[in-house]
Amino acid sequence: MRFGVVTLFPEMVEGALSHGVLSRAIERGRVAVDCENPRDHAADAHRTVDDRPFGGGPGMVMTPAPLSGAIRALRARLPAAPVVALTPQGRTFDQGVARHWAAHGSLVLVAGRYEGMDERVLEQEIDGEVSLGDFVLSGGEVAALAIVDAVSRLVPEVLGDARSAEEDSFGDEGLLDCPHWTRPEVWEGHGVPAVLLSGDHARIARWRRERALARTRARRPELLEDAALDAADERFL
Ligand code: 9D3
């Protein structure tokens, strides 16, 4: 999977990608992330990338020429990639969108700063807008990183083979996870559910499934409408 990221803070993006599963995927060549800084496409001596909004008001707006210059530089390197802007006005990102982009093989993400991007760049250069949800971030970088992470995990060989195969066979997709415990068996007077110590793997699997179903119903009941439920699940619910 190849990503391009347009950002005024490439160190922020590169820093976050130098840890854990994603860093190893990049080392192994399964994932590549190429940053492009609009500041490197500014024409003036001060390398200006923002200006005051027409019509007045607080804050600054990303000026079109440096932003479009950075987008076009990435488009030249990733000609088949959809170009997506991270904005609070976008459609909410979810696992279905992540799957769609993972299947594509390449993606350009455009992170904004200040009050936003000049609307003409969104109209001329952008295929779609995506948000992480209804809360206020300081810019698009954290959102771009969340998307790089979620999409990369779906690329074969980014996670261990064992891990992804395991997740498929459980078929728990679309449900909240069951709770987890590890050693010690008693911590500050609190034990763990006896079934997990029983060694009865069929009973443990059924119990975990029921905990997942119960938590989903309690916390996110709307998820049950799209979850793949069998007859035993329906009886339990
Ligand atoms: C306080 C400024 N807001 C005035 C109504 C507008 C605003 C502009 C720019 C709010 C946030 C931002 C920066 N946010 C993003 O670039 C962003 C974002 C987000 O804030 N929330 C959820 N998803 C995303 S994706 C990009």
Side-chain angles (χ1 to χ4, degrees), residues 1-19 22 31 33-42 47-75 78 81-104 106-155 176 219-220 222-223:
M1 186 77 201
R2 299 196 48 139
F3 297 94
V5 181
V6 173
T7 172
L8 290 169
F9 299 111
E11 306 83 0
M12 186 179 172
V13 172
E14 285 154 7
L17 296 174
S18 62
H19 306 275
L22 235 53
V31 172
V33 182
D34 207 351
C35 289
E36 193 67 31
N37 192 336
R39 207 168 284 286
D40 295 333
H41 297 266
R47 307 216 296 158
T48 308
V49 293
D50 62 333
D51 206 339
R52 289 168 301 156
F54 279 128
M60 299 292 270
V61 175
M62 291 182 83
T63 207
L67 188 54
S68 64
I71 293 168
R72 287 168 189 164
L74 285 176
R75 212 202 291 284
L78 301 171
V83 178
V84 176
L86 293 318
T87 76
Q89 291 77 40
R91 160 177 174 206
T92 307
F93 180 72
D94 64 18
Q95 194 67 15
V97 176
R99 268 189 228 110
H100 182 75
W101 287 338
H104 215 92
S106 61
L107 179 65
V108 171
L109 297 165
V110 183
R113 281 276 154 174
Y114 317 119
E115 286 307 298
M117 311 173 200
D118 187 290
E119 188 67 15
R120 292 166 293 186
V121 175
L122 294 170
E123 289 168 354
Q124 301 304 315
E125 304 289 345
I126 298 294
D127 299 313
E129 292 179 46
V130 161
S131 163
L132 287 195
D134 294 336
F135 48 88
V136 181
L137 295 173
S138 306
E141 283 78 8
V142 165
L145 284 164
I147 289 167
V148 168
D149 188 303
V151 172
S152 295
R153 290 172 50 82
L154 298 174
V155 173
L176 300 183
R219 300 183 190 185
R220 300 286 306 280
E222 77 281 9
L223 296 180

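Start at 1 and go down the list; that is how both ligands and their atoms are numbered.
Within a 6.0 Å radius of NE2 in His104, other residues, nucleotides and ligands contribute more than 12 heavy atoms.
Two residues are said to be in side-chain contact when any heavy atoms from C-beta on lie closer than 4.5 Å; Met12 and Val142 meet this criterion.
Considering Asp118, Val6, Leu8 in turn, Leu8 is the only one that fulfils the side-chain contact (heavy atoms from CB on, under 4.5 Å) rule with Met62.
Using a distance-only test at 3.5 Å, with no hydrogens or angles considered, no donor-acceptor pair links the side chain of Ser152 to the main chain of Asp149.
With rounding to the nearest 0.5 Å, the separation of CD in Glu119 from CD1 in Ile126 is 10.5 Å.
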Can you give each donor-acceptor pair under 3.5 Å made by side-chain atoms of residues 127-134, sequence neighbours left out, with the distance rounded to 0.1 Å?
from	atom 1	to	atom 2	distance (Å)
Asp127	OD2	Val83	N	2.8
Glu129	OE1	Thr87	OG1	2.7
Ser131	OG	Gly133	N	2.9
Ser131	OG	Gly133	O	3.3

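Residues lining ligand 1 at a heavy-atom distance below 4.0 Å are given as Leu86, Thr87, Pro88, Tyr114, Glu115, Val130, Ser131, Leu132, Gly133, Phe135, Val136, Leu137, Gly139, Gly140, Ala143, ordered by chain and residue number.
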